[in-house]
Amino acid sequence: MQSIERRPAGTVCLATGRTVEPVYAVIDQGADLTHHRLFLLDEFGGLPPGDPARCAAMIERSLPSARHHVVGPDVDSGHPEQAALDYRALIAETGIDLAVVGIGGNGHIGMNEPGSGPASVTRVVRLAPETQDNAVTSYRATTRPTWGITVGMSELLAADEVIVLVSGSHKREIIARLLGEPPGANLPASLLSSHENARLIIDGSAAADLTGVNGSGS
Ligand code: GLP
């Protein structure tokens with residue numbers, strides 16, 4: 001909340017998903033977002049308009065006060081590569097002041113799947129099988145999405161501030177990897193450890209059993 005209030009007209013890049021929902025509920029009650037530029041971190045392609053798993057739909061539900069000025073890539077244009085280029089150019093106009101992100105079970109950030117390096121830009125991506133599964137089982141997608149458009153790691157690494165949120169016991173394994181493995185493209189979340197103003201916030205259930213893990217977070 002303070003990170004948002006510190007930037008009354010800033011540019012904020014917002015993840016969607018289960019992790020951020022309770023945080024957005026607090027922000028929705030307490031912060032005025034009407035003067036911020038809000039970018040979606042990512043969006044699924046190939047889902048019909050109105051599909052509950054679309055990131056735009058998720059953010060409308062979890063952050064209703066901001067629903068009229070959240071901008072995302074135009075995944076319905078029929079020209080995904082161009083849509084990604086346009087979105088990349090739009091973000092480049094201002095850069096990102098604050099990014100609020102979660103971590104996927106495979107270590108992805110947004111839809112930067114394992115293999116995404118620090119130079120990766122906003123682009124069309126093929127989704128990992130587990131990300132496709134998660135869209136159906138966790139977000140109730142009506143069809144299995146195979147691709148999406150994501151803000152790249154390079155744009156996130158260039159953000160002024162990044163807040164990485166992790167919650168739930170199902171994230172214990174990825175947190176242990178994150179804190180125990182050297183940073184690299186096989187674990188895109190680990191790349192944020194080189195960011196000088198990134199914070200990793202882990203809830204109790206995701207942080208359990210970390211005794212003995214070497215290394216530190218971002
Ligand atoms: C999803 C989204 C990300 C999200 C992450 C964690 O696939 N593409 O933006 O932050 O994975 O999701 P969740 O919080 O639902 O576990």
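This structure is a prediction, so every number in the text was calculated from the model and none was measured. Start at 1 and go down the list; that is how both ligands and their atoms are numbered. Computed from heavy atoms alone, side chains included, the values below leave out hydrogens, waters and symmetry copies.
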**Complete:** Closest heavy-atom approach to atom 5 (C) of ligand 1 among His108, Glu130, His170 is made by His108
**Fill in**
Between Thr122 and the options Leu41, Val151, Thr150, Asp42, the side chain to side chain contact (heavy atoms under 4.5 Å, CB included) test singles out Val151
**Prompt:** Which atoms of ligand 1 have any heavy atom of Gly102 under 4.0 Å away?
**Reply:** 10 (O)
**Request:** Give the residue and atom name of whichever protein heavy atom lies nearest to atom 14 (O) of ligand 1, and the separation in Å to one decimal.
**Result:** Thr19 OG1, 2.5 Å
**Prompt:** Are any of the side-chain nitrogens in Arg144 or Asp133 under 4.0 Å away from the carboxylate oxygens of its partner?
**Reply:** yes
**Message:** Among all the protein's non-hydrogen atoms, which is closest to atom 9 (O) of ligand 1, and how far away is it?
**Reply:** Asp42 OD2, 3.1 Å
**Asked** Closest heavy-atom contact between Ala83 and Ser77?
**Response** CB-OG, 4.0 Å
**Asked** Could an N or O of ligand 1 be found under 3.5 Å from any N or O of Lys171, whether backbone or side chain?
**Response** yes
**Asked** Does Arg54 pair with Asp76 as a salt bridge, N-O distance under 4.0 Å?
**Response** yes
**Item:** Gly17: numbered ligand 1 atoms lying under 4.0 Å from its heavy atoms
**Value:** 14 (O), 15 (O)
**Message:** Minimum heavy-atom separation for Ser194 and Leu157, please, with both atom names.
**Reply:** OG-CD2, 3.9 Å
**Item:** Identity and distance of the protein heavy atom lying nearest atom 6 (C) of ligand 1
**Value:** Ile103 O, 3.6 Å
**Request:** Answer yes or no: is there an ion pair linking Arg61 with Glu21, defined by an N-O contact shorter than 4.0 Å?
**Result:** no
**Asked** Leu165 versus Val101: any side-chain heavy-atom pair under 4.5 Å?
**Response** no
**Message:** If I apply the N/O under 3.5 Å rule, does Met111 come out as touching ligand 1?
**Reply:** no
**Message:** Can you report which non-hydrogen protein atom sits closest to atom 4 (C) of ligand 1, along with the distance?
**Reply:** Thr16 O, 3.4 Å
**Prompt:** Under the side-chain contact (heavy atoms from CB on, under 4.5 Å) criterion, do Leu40 and Tyr87 qualify, and how do the steps go?
**Reply:** CA-CA 10 Å; Leu40 280 180; Tyr87 197 45; 3.9 Å; yes
**Asked** Which residue owns the protein heavy atom closest to atom 15 (O) of ligand 1, what's the atom, and how far is it?
**Response** Tyr139 OH, 2.6 Å
**Message:** Please determine whether any non-hydrogen atom of Leu165 lies less than 4.0 Å from an atom of ligand 1.
**Reply:** no
**Request:** Return yes when Ser138 approaches ligand 1 closer than 4.0 angstrom through a heavy atom, no otherwise.
**Result:** no
